[in-house]
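The next block holds one structure in the form of structure tokens; read it before the comments.
Chain A is the first sequence line, chain B the second, and so forth, proteins listed ahead of strands; every chain is numbered from 1.
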There are 2 protein chains.
Amino acid sequence: MDTRDRLIESARELLWERGYVGTSPKAIQAHSGVGQGSMYHHFTGKPDLALAAINRSAEELRERAEVAFATPGTPFERITAYFRREREVLKGCPIGRLTQDPDVMADPELRKPVQETFTWLTGRLADLLAEALEDTVDAHATAPALVAVLQGGYVLARAAGSADVHTRAVDGALGLLAGYVAKEGN
Amino acid sequence: MDTRDRLIESARELLWERGYVGTSPKAIQAHSGVGQGSMYHHFTGKPDLALAAINRSAEELRERAEVAFATPGTPFERITAYFRREREVLKGCPIGRLTQDPDVMADPELRKPVQETFTWLTGRLADLLAEALEDTVDAHATAPALVAVLQGGYVLARAAGSADVHTRAVDGALGLLAGYVAKEGN
DNA sequence: GTCTATAGTGTGATAGAC
DNA sequence: GTCTATCACACTATAGAC
């Protein structure tokens, strides 16, 4: 891993743990072992490095989601696979947490990957739900509800200090969904 | 409103907008019009003032929830009233957002009101759900799922820059719930 | 109770040597 | 590419006068 990469990975880690406002260039340097001058050689400043880090995290989220969605089975089984996938619940969502960062939301460049990630994920899920539910219920409203369960589950888990609530929330959501799943042909 | 109160109200506002890490004592002083010395007379420091602000916000959240829950009607109607209640969606949840603040979660005193608020809300909702659903589905898992929809809805709305997604997520969740509501005796 | 002064540390970046 | 030096400003307080 070269210097540039180490900076991005450290930024990703710290952004995840402490957010944009809570992460200083100095902290990134200390975490990565890269010096001041070196960092400013590779990136114009904190926002530039953060953008690279956010983009990489967004890409990773998408890839991991696609892996779960590619599980063999019915659409409902593929949705379930995604929701039950392993997660670092207590650390929260590396993209979702940025939503609470005033400086990220205020900067269109930093905000864009966050916005696009959720638009993509919600759309992807809506398609699967449309297949799974076959008009028993509105996929266009159900998709954001499900994504919200995941994101809100992180909030509850962090508040409680335990991953259990996230699991329960997912169980609850899938439990509700189950009753609407088209019984045949999937 | 006296000086102490003005400080608490300003801290509440800024904590809501910028979080704990992103809010400086100086900013609170500027926002409230209270001087440096005055602030440190009334509070021992930033954590002390933040605690007062968080406690007040937590109390307010509870009171507002109880107002909605007290709506006349069936348990499902009371739950619906709570979920459809007016919200400053794009500002997010003043308590839920603290969950992403590393310094809040690291301080047991600051964290406690956050934890208790969600424990209370989830429990309250579980009781109403148990009445509304009458064992058609597990209220113990459904309650955190619903709270998560609310919290996650804020995340989606902020990411999208529009309150619509929050509304859709709530619609989706209530739509799923509707099919399980006990049809008589409520 | 409120004010001003002061202080030590951190932030985010620039400059220029190597 | 990487290093050290330096900078102007912000952060979070403390001290002591009024």
In this structure, how many angstroms lie between the [atom2] atom of [N] and the [atom1] atom of [X], rounded?
X        : N      : atom1 : atom2 : result
B:Gln36  : D:dA17 : CD    : P     : 18 Å
B:Asp103 : D:dC11 : CG    : P     : 14 Å
B:Asp2   : C:dT2  : CG    : C1'   : 14 Å
A:Leu7   : D:dT2  : CG    : C1'   : 12 Å
B:His41  : D:dA15 : NE2   : P     : 16 Å
A:Leu14  : C:dT11 : CG    : P     : 11 Å
A:His42  : C:dG12 : NE2   : C1'   : 18 Å
A:Phe43  : C:dA13 : CZ    : C1'   : 16 Å

Short N-O contact, A:Glu13 and A:Lys91, less than 4.0 angstrom: yes
Salt-bridge present (B:Arg158, A:Asp101; N to O < 4.0 Å):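 Salt bridge between B:Arg158 and A:Asp101, a charged N being under 4.0 Å from a carboxylate O: no.
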Closest nucleotide among [options] to the [X] side chain:
X       : options               : result
B:Lys26 : C:dG12, D:dT12, D:dT2 : D:dT12
A:Ser24 : C:dG1, D:dT12, C:dT11 : C:dT11
B:Tyr40 : C:dC3, D:dT14, D:dC3  : D:dT14

Touch class at under 4.0 angstrom, heavy-atom based, for A:Gly35 against every strand present: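 The answer is sugar-phosphate, as A:Gly35 gets under 4.0 Å only of primed atoms, P, OP1 or OP2.
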Touch class at under 4.0 angstrom, heavy-atom based, for B:Gly37 against every strand present: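 Answer is base: heavy atoms of B:Gly37 come under 4.0 Å of a base.
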Below 4.0 Å: OP1/OP2 of D:dT2 and any side-chain N or O of A:Thr3: yes
Donor-acceptor contact present, side-chain A:Arg168 to main-chain B:Ala141, <3.5 Å: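 Side chain of A:Arg168 to backbone of B:Ala141, a donor-acceptor pair under 3.5 Å: no, none is there.
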Distance under 6.0 Å and angle within 45° of ring axis: B:Lys46 vs B:Tyr20: yes
Within 45° cone of A:Tyr82 ring axis and under 6.0 Å: A:Arg87 NZ or CZ: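 Here A:Arg87 passes the 6.0 Å and 45° test against A:Tyr82.
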